[in-house]
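Both counts, for ligands and for their atoms, begin at 1 and track the order of listing.
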Amino acid sequence: MRIVVLTGAGISAESGLATFRGPDGLWEGHRVEDVATPEAFERDPELVHEFYNQRRAKATQAQPNAAHFALAQLAQNHELTLVTQNVDDLHERAGNRHVIHMHGALDRATCTVCRWDWQAPAVMHTSDHCPHCGSQTTRPDIVWFGEIPKHMREIWDALDEADLFAAIGTSGQVYPAAGFAQHAARAGVRCVELNLADSANGRDFAQRIIGPASQTVPEWVASLG
Ligand code: APR
Ligand code: ZN
């Protein structure tokens with residue numbers, strides 16, 4: 001079967017990484033939306049670096065959970081396109097080789113002047129120099145609010161050709177990812193949602209499985225054979 005899976009912050013919640021819109025969705029009193037924007041980075045780049053430095057450290061310490069491992073198993077048995085909005089690397093560390101990071105990745109850095117990208121150091125600062133052009137214009141290679149997500153052509157194509165689309169642990173509030181189910185359903189693709197609670201776009205899915213990802217995802221993967 002050709003399966004497209006979209007994951008969100010909920011799949012990493014049980015690995016100890018905070019979601020964006022949950023009760024712990026604040027960072028030192030800032031709404032995440034107020035740190036994860038190009039405007040915030042222009043206003044206070046050191047604060048934005050600090051936010052991502054902390055998240056990078058947290059992600060490094062975290063371990064993949066049963067849901068991440070189950071998706072690695074899914075890739076063994078099916079033609080899986082794994083798309084994540086997450087910037088952690090828990091899918092890779094669970095064994096998924098090809099992961100489409102549509103919102104970028106904590107372990108990558110980029111230069112706002114020459115667009116070079118490279119492996120991010122554990123701690124980034126405004127005083128860092130771009131390894132390519134030398135200017136002090138480095139930033140995390142993360143897609144911020146108002147910026148265009150990565151790899152969209154590849155994702156829409158995979159959705160058009162899929163037999164099954166599953167959204168796991170995402171609140172369905174951030175586009176374009178929140179529109180994948182509607183797009184897929186129109187193309188005749190069966191859509192299933194796995195979430196701990198109701199999401200904003202639940203009615204776009206033919207099937208909904210409610211519960212913690214570490215339990216629901218392994219069961220769902222097993223049910224697909
Ligand atoms: N198992 C399954 N789902 C869970 C769990 C869990 N253990 N814990 C939380 N969830 C669900 C919540 O019910 C919620 O629907 O995960 C979802 C998390 O939602 P958000 O915090 O909004 O995360 P996400 O949908 O990934 O956010 C999308 O917004 O801030 C931007 O770029 C950022 O990629 C992010 C995007
Ligand atoms: Zn540069």
Side-chain angles (χ1 to χ4, degrees), residues 5-27 30-38 40 48 51-52 55 59 62 64-68 70-71 83-88 90-91 99-106 108-118 128-151 155 166-181 192-202 204-205 208-220:
V5 168
L6 168 73
T7 64
I11 199 169
S12 296
E14 291 166 82
S15 294
L17 302 181
T19 61
F20 293 95
R21 293 170 185 80
D24 51 357
L26 279 181
W27 176 72
H30 303 276
R31 289 192 323 161
V32 173
E33 286 85 345
D34 294 338
V35 216
T37 65
V48 175
F51 174 67
Y52 287 103
R55 299 194 57 212
N65 67 55
H68 298 102
L71 293 181
V83 182
T84 187
Q85 297 168 91
N86 299 342
V87 292
D88 65 56
L90 296 181
H91 284 306
V99 184
I100 301 176
H101 281 273
M102 62 180 290
H103 289 171
L106 284 168
R108 304 297 299 173
T110 186
C111 171
T112 60
V113 168
C114 74
R115 296 285 157 196
W116 191 256
D117 68 274
W118 63 94
D128 295 345
H129 293 269
C130 166
H132 189 66
C133 73
S135 72
Q136 289 175 307
T137 49
T138 70
R139 58 170 273 184
D141 198 1
I142 303 273
V143 177
W144 288 327
F145 285 95
E147 297 183 322
I148 298 165
K150 298 168 183 278
H151 314 294
I155 297 170
I168 303 173
T170 175
S171 62
Q173 295 189 49
V174 177
Y175 285 82
F180 289 175
V192 51
E193 173 176 53
L194 296 90
N195 201 309
L196 191 58
D198 284 336
S199 66
N201 61 342
D204 296 335
F205 297 88
R208 293 166 70 206
I209 302 171
I210 300 287
S214 68
Q215 286 172 32
T216 58
V217 179
E219 284 168 16
W220 172 71

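Between Arg55 and Asp88, none of the side-chain N atoms (NZ, or NE/NH1/NH2) sits under 4.0 Å from a carboxylate O, so this pair counts as no salt bridge.
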Take Asn65 and Ser214 through the test side chain to side chain donor-acceptor pair (under 3.5 Å) and record every step on the way to the result. CA-CA 6 Å; Asn65 67 55; Ser214 68; 5.7 Å; no
Stepwise side chain to side chain donor-acceptor pair (under 3.5 Å) test for Gln85 and Thr7: CA-CA 6 Å; Gln85 297 168 91; Thr7 64; over 6 Å; no
Give the C-alpha distance, both sets of side-chain angles, the deciding distance and a yes or no for side chain to side chain donor-acceptor pair (under 3.5 Å) between Ser171 and Ser199. CA-CA 5 Å; Ser171 62; Ser199 66; over 6 Å; no
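Protein residues having a heavy atom under 4.0 Å from any atom of ligand 1 are Gly8, Ala9, Gly10, Ala13, Glu14, Thr19, Phe20, Arg21, Gln85, His103, Phe145, Gly169, Thr170, Ser171, Val174, Asn195, Leu196, Ala197, Gly211, Pro212, Ala213, listed by chain and number.
Here OG1 of Thr138 is found 4.5 Å from CG of Asp128. Values are rounded to the nearest 0.5 Å. Rounding to the nearest 0.5 Å places CZ of Phe20 at 14.0 Å from CZ of Arg31. Between Gln215 atom CD and Leu196 atom CG the span is 10.0 Å, to the nearest 0.5 Å.
His129 is linked by a ring-ring contact (aromatic ring centres under 6.0 Å, His included) to nothing, counting only residues two or more places apart in sequence or in another chain. Under the ring-ring contact (aromatic ring centres under 6.0 Å, His included) criterion, His91 pairs with His68, not counting sequence neighbours.
Listed by chain and number, the protein atoms of type N/O/S under 2.8 Å from the Zn ion (ligand 2) are Cys111 SG, Cys114 SG, Cys130 SG, Cys133 SG; waters are omitted.
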